[in-house]
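Every chain is numbered from 1 and lettered A, B, ... according to where its sequence line falls, protein lines coming before strand lines. Keep in mind it's a predicted model, so treat the numbers as computed, not measured.
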Protein chains: 2
Amino acid sequence: MFQERIAVPKRVNHEIRRRQIGEALLRIASARGLQSASMREVAAEAGVSLRLVQYYFHTKEELLLTSLAYLGERLATRVENHIRALGPVTPRNIVYGTLTAILPTDAESLDLTRAYTGYYTLVFTDPDLTTRHGATYPDKVERLLAMQLTAAQQAGQIDATLNPETIAAGLLALTNGLGSSVLGGQRDGAAALRILIDHIDRLFKP
Amino acid sequence: MFQERIAVPKRVNHEIRRRQIGEALLRIASARGLQSASMREVAAEAGVSLRLVQYYFHTKEELLLTSLAYLGERLATRVENHIRALGPVTPRNIVYGTLTAILPTDAESLDLTRAYTGYYTLVFTDPDLTTRHGATYPDKVERLLAMQLTAAQQAGQIDATLNPETIAAGLLALTNGLGSSVLGGQRDGAAALRILIDHIDRLFKP
DNA sequence: GCTTTGATGATACAGTCGTATCAAGAAATG
DNA sequence: CATTTCTTGATACGACTGTATCATCAAAGC
């Protein structure tokens, strides 16, 4: 316990390095798929040696989980920015901003969606990873949507007989399904956005 | 051209063998994920030697594509059976039967959904596979739904101001999104089914 | 300047992958 | 019975995987 430090060594922000490497993985995941993200490929993409990747992430699972957390952060800040950019913070704008932020309509959201679907099938294959992941992002989004829908009902903007949780789950599932169709090349982001907006508009016009 | 056949050899139905092997791959894909479906694992699952898998499928891509075709057939027959089981062939029953057949509510539909999502991420990674795949199943389903919705409009069962293609795309995306949430463990098949039915009911009650 | 930490390099290990090649046995039909 | 096809077995190849181990070098701060 009496560990005397005679000299203070080179200091480097570990969080920055880990983020640099983790985002290299996310780039690979969205460009070539998560299964192409080997330790060596990640190192090359990050412009760093394989040894350093092992230095900051003792195992690949740790790299995978940490990068997933970064991905969640990026999606969350994108949602916030989208909502903020809409101006007045109304229930309708929150719902609209959240869903349109998730939908792959531009390069950033396309990257996010691609990376997320890569993780999605990985989690479905290895359920242990889900346990260690913990925070289920969709659940939080759904609760947020349900709250705003309830507020909209109280403001008389939505049919009051509807069940907010059911509608919220449906809206998120619709958005995710539309995103999948974009990734599958069935339609482009603009077409998907039109479909989503059409549904939101019908919901908010009783 | 004058190839005289002195003796007729052992005859085996190649299609049956290929199906046997292909469905072994689908079992692995839905149980442990498509990336766990190596040639050796497929051979073991099919109760057959690795050499025989190579004998009936010269390359893995051929095995993958053929199995995907089998998967499509199984989904198509499930949809047909679901529609038929509903009794009267009305537009509403066709829409309802199609979507509820796709949704993972029982063991079979869960297997189908799991296997399909495995292929989904594979296709998104390797676009060449999409090209050689050809038939885009979702497009056909969407057109079928749009036709039935149009018929329902003409019969006065649905708001005539709605765009059938938009509604059809939305319904299919909703169903797929709900299926993803079931696979992700966010809710069970029964809860997803309730949400889907709720949306269909609201659509058919103007 | 010395010590600690960050970073690289080369290399190795045991697996698994798809694919290929050899020989040889089993079955069915003319 | 002979011939053709089906089927297995063992084995090998090169490539890739995650992980590990060596030594070495650069940088920063006391």
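- Atom CD1 of A:Ile94 sits about 11.5 Å away from atom CG of A:Leu99, to the nearest 0.5 Å.
- B:Tyr56 comes within 4.0 angstrom of sugar-phosphate atoms only, judged by non-hydrogen atoms across all strands, and of no base.
- Rounded to a whole Å, the CG atom of A:Leu52 is 14 Å from the C1' atom of D:dA27.
- As rounded to whole Å, 14 Å separates atom P of D:dT4 from atom OH of B:Tyr55.
- Both key distances under 3.5 Å define a Watson-Crick or G-U pair, and stretches of 3 or more such consecutive pairs in DNA chain D run C:1-5 with D:26-30, C:7-23 with D:8-24, C:25-30 with D:1-6.
- Look at CD1 on A:Ile16: it is 16 Å from C1' on C:dA7, rounded to the nearest Å.
- Phosphate proximity of C:dG18 to B:Thr59: absent, as no side-chain N or O sits under 4.0 Å from OP1 or OP2.
- In this structure, CZ of B:Phe57 is placed 18 Å from C1' of C:dA20, rounded to the nearest angstrom.
- Side-chain N/O atoms of A:Arg51 and A:Gln54 include no donor and acceptor closer than 3.5 Å.
- The cationic atom of B:Arg92 (NZ for Lys, CZ for Arg) lies less than 6.0 Å from the six-membered ring centre of B:Phe204 and within 45° of the ring axis.
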Listed pairs, N/O of protein and of nucleotides 15-17 of chain D, under 3.5 Å:
from, atom 1, to, atom 2, distance (Å)
D:dT17, OP1, A:Ser38, OG, 3.1

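- Across the interface with DNA chain C, nearest-nucleotide mapping of A:Ser49 and B:Ala37 shows A:Ser49 to be the residue nearer the 5′ end.
- Rounded to a whole Å, the CD1 atom of A:Ile21 is 9 Å from the P atom of C:dA7.
- Phosphate contact (OP1/OP2 of D:dG18, side-chain N/O of A:His58, threshold under 4.0 Å): absent.
- Using a cutoff of 4.0 Å between basic side-chain nitrogens and carboxylate oxygens, B:Arg143 and B:Glu165 are not scored as salt-bridged.
- Here A:Glu23 does not pair with A:Arg27 in a salt bridge; the nearest charged N to carboxylate O distance is not below 4.0 Å.
- Remark: C1' of C:dA27 and CZ of B:Arg17 are 12 Å apart, rounded to the nearest angstrom.
- Among residue pairs with one or both ends in residues 189-199 of chain B, those qualifying as side-chain hydrogen bond (donor to acceptor under 3.5 Å, both in side chains) are B:Asp198-B:Arg202, B:His199-B:Arg202; sequence neighbours excluded.
- Remark: A:Arg51 is not in phosphate contact with D:dA23, judged by side-chain N or O atoms under 4.0 Å from OP1 or OP2.
- By the 4.0 Å N-to-carboxylate-O rule, B:Glu45 lies too far from B:Arg40 to be salt-bridged with it.
- Look at A:Glu73 and A:Arg78 and you find no salt bridge, because none of the NZ, NE, NH1 or NH2 atoms lies under 4.0 Å from a carboxylate O.
- If you measure from atom CD1 of B:Ile28 to atom C1' of C:dT16, you get 15 Å, rounded to the nearest angstrom.
- Here the P atom of nucleotide D:dC13 and the CD atom of B:Gln54 are 16 Å apart, to the nearest Å.
- Of the candidates D:dT19, C:dT19, C:dT5, D:dT19 carries the atom nearest the A:Leu50 side chain, counting heavy atoms from C-beta on.
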- Query: Stepwise, does the side chain to side chain contact (heavy atoms under 4.5 Å, CB included) test hold for B:Arg18 with B:Tyr70?
  - Reply: CA-CA 10 Å; B:Arg18 287 166 65 90; B:Tyr70 295 155; 3.6 Å; yes
